[in-house]
K.L.:
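One structure coming up, written as structure tokens, with questions to follow.
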There are 2 protein chains.
Amino acid sequence: MRCLLFMRKPKHVRKAELKETIQNNPFITDEALATSFNVSIQTIRLDRLELGIPELRERLKDVARQHHDEVKALTDEEVIGEVIDLQLDETAISIMEIREEHVFTRNGIARGHHLFAQANSLAVAIINDDFVVTGRANVRFSKPVRATERVVAKAKVTAQDDKWTTVIVESYVDQRRVFTGEFNMARGHQD
Amino acid sequence: MRCLLFMRKPKHVRKAELKETIQNNPFITDEALATSFNVSIQTIRLDRLELGIPELRERLKDVARQHHDEVKALTDEEVIGEVIDLQLDETAISIMEIREEHVFTRNGIARGHHLFAQANSLAVAIINDDFVVTGRANVRFSKPVRATERVVAKAKVTAQDDKWTTVIVESYVDQRRVFTGEFNMARGHQD
DNA sequence: CTACTATTAGGACCTAGTCATAGAAATGCG
DNA sequence: CGCATTTCTATGACTAGGTCCTAATAGTAG
């Protein structure tokens, strides 16, 4: 019978925990893992080998690379969502996929400002002018949206004078309307 | 007189370029830098020393750490901005600093949805209920906000019945109002 | 010529690993 | 119980991408 007091976890348990530990702390060295799991460094290395987990430096490189790409993606992103159709000063359509980070952890429903962001940036994009800012917006969230759903936003210019453009944006998930917004956009310079 | 053809750049020029090169490509090794600047590895190391630039691995660690923190901040962030005062179902105040990534690169003005996000999430936070989603919102962006400015959002509950709560949010930069919004928030379950 | 800066070279050491080999300990099973 | 098999540990040789320190050389200015 095995010693109950100092009994080690069986291999597959350790490996599962190892994987998790490294996942939410990629900065940990084999040495630290060895002491924390109370096995030798070599054991940790064998485990990593079997699990296909790269060494600390490679992990850091990966995280850093990700960061680099993401930062670029975020700052380049003048429009939230992917624009799939655009007729300047007429109509525009964009698609945004709702992911885990967009929803409230408590109820799994997308935070309103993400739908707003998609609609607002589409309203900016549709306008054929270098200087555009949102002046007013009147929005309605008619149905909750959940993770993994794809939101299709359709924008239409409904009115225009020398300083203001009115854009109506309606967003759908599977033909069901989830969001409606009227945006009054200011064009040309200064406030 | 110095050789005009294979003349090297003077030290201070190389150092300036080195700094820039490393900044927008932290993944480069001293060796690669040495060949690209056509000097020895040791020279690069001396330069880094003088410029206080850490070695490749430390740079990667820094970038990875940043990333890690940011991701945590984003996913933990149930409220956009920092809540500095909160009386449930009464008033709340949050502060958000506008950074480069919040503004349009073309005109340096903050994208509307960031101000909306701050106000909207404050409207959610102020309500003393587990289930809250935004139903309607009527917002106005009265003055453009620019990078480095700190936006103070003040929320106030103005009406409440068994299903709906109305929250008025007004945001200021240095006492100047930049945003006003009326949010109709739905409480309790289901749509 | 000398003083000085800039550059290069070399060696010892470091970390956090790699890979391969060998031996020890624990466990399963007839 | 003994023996096989799995699992773990130990050891040594090697790597990248550095650190730190010392020393030599090249070029330039006074």
Side-chain angles (χ1 to χ4, degrees), chain A residues 1-69 71, chain B residues 1-69 71:
Chain A
M1 190 187 150
R2 292 189 281 190
C3 172
L4 281 170
L5 265 173
F6 301 105
M7 197 173 91
R8 286 219 195 112
K9 289 155 187 165
K11 196 180 181 183
H12 64 278
V13 173
R14 171 164 38 82
K15 274 167 72 172
E17 288 181 18
L18 186 75
K19 196 174 172 180
E20 217 202 301
T21 309
I22 293 179
Q23 222 146 43
N24 51 36
N25 178 198
F27 300 84
I28 196 165
T29 63
D30 287 357
E31 200 179 358
L33 286 164
T35 50
S36 107
F37 282 95
N38 200 32
V39 292
S40 73
I41 289 191
Q42 284 77 0
T43 304
I44 295 294
R45 290 184 177 158
L46 269 176
D47 289 352
R48 269 202 303 103
L49 199 72
E50 288 172 33
L51 290 164
I53 298 172
E55 63 171 278
L56 171 64
R57 285 150 180 165
E58 292 306 312
R59 294 196 302 265
L60 290 185
K61 225 183 269 181
D62 291 348
V63 176
R65 217 189 312 274
Q66 258 181 54
H67 173 60
H68 225 60
D69 296 349
V71 165
Chain B
M1 191 186 148
R2 291 189 279 189
C3 172
L4 280 170
L5 265 173
F6 301 104
M7 197 172 92
R8 288 220 195 110
K9 290 155 185 164
K11 195 179 181 182
H12 64 278
V13 173
R14 171 165 37 84
K15 275 168 72 172
E17 288 181 18
L18 186 75
K19 197 174 173 181
E20 217 200 303
T21 308
I22 293 178
Q23 222 145 43
N24 50 37
N25 178 196
F27 299 84
I28 197 165
T29 62
D30 286 358
E31 200 179 358
L33 286 164
T35 49
S36 108
F37 282 94
N38 200 31
V39 293
S40 72
I41 288 191
Q42 283 77 1
T43 304
I44 295 293
R45 291 186 176 157
L46 268 177
D47 287 353
R48 268 202 303 103
L49 198 73
E50 288 172 32
L51 289 165
I53 297 172
E55 64 170 280
L56 172 62
R57 286 150 181 165
E58 292 306 312
R59 292 194 306 261
L60 290 184
K61 224 183 270 180
D62 292 347
V63 176
R65 216 189 314 274
Q66 254 182 56
H67 173 60
H68 220 61
D69 294 351
V71 166

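Given the structure is predicted, the values throughout are model-derived calculations rather than measurements.
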K.L.:
If you take all heavy atoms of B:S40 and B:A34, which pair is closest and at what distance?
P.N.:
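Shortest heavy-atom contact: C-CB, 3.8 Å.
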K.L.:
Would you say A:R59's side chain and A:P54's backbone share a donor-acceptor pair under 3.5 angstrom?
P.N.:
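Flag set: sc A:R59 to bb A:P54 pair under 3.5 Å.
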K.L.:
Please enumerate all protein N or O atoms sitting under 3.5 Å from an N or O of nucleotides 3-5 of chain C, with distances to 0.1 Å.
P.N.:
none

K.L.:
Angle between the two end axes of the helix from C:dC1-D:dG30 to C:dG30-D:dC1, five base pairs per end, rounded to 10 degrees?
P.N.:
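Helix axis angle between the two ends: 10°.
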K.L.:
Can you tell me which nucleotide in D:dA16, C:dT18, D:dT9 comes closest to the side chain of A:E55?
P.N.:
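Taking heavy atoms from C-beta onward, the closest nucleotide is C:dT18.
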K.L.:
Do B:E58 and B:K61 sit within salt-bridge range, that is, some charged N less than 4.0 Å from a carboxylate O?
P.N.:
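A salt bridge links B:E58 with B:K61.
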K.L.:
Closest to the A:D30 side chain: C:dG17, C:dT15, D:dT19?
P.N.:
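It is C:dG17.
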K.L.:
Quickly work out the A:N38 CG to D:dC8 P distance and round it to whole Å.
P.N.:
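Rounding to the nearest Å, CG of A:N38 and P of D:dC8 are 12 Å apart.
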K.L.:
When the distance from CD of A:E58 to C1' of C:dG17 is rounded to whole Å, what number comes out?
P.N.:
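That distance rounds to 10 Å.
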K.L.:
Can you tell me how far P of C:dT15 sits from NZ of A:K61, to the nearest Å?
P.N.:
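Atom NZ in A:K61 sits about 20 Å away from atom P in C:dT15.
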K.L.:
If each of B:I41 and A:I28 is mapped to the nucleotide of DNA chain C with the nearest heavy atom, which maps nearer the 5' terminus, i.e. the 5' end?
P.N.:
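Nearest nucleotide further toward 5': that of B:I41.
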K.L.:
Mind running a 4.0 Å heavy-atom check of residues 42-50 of chain A against DNA chain C and sending the residues that fall below it, in number order?
P.N.:
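Hits under 4.0 Å, by residue number: A:R45, A:R48, A:L49.
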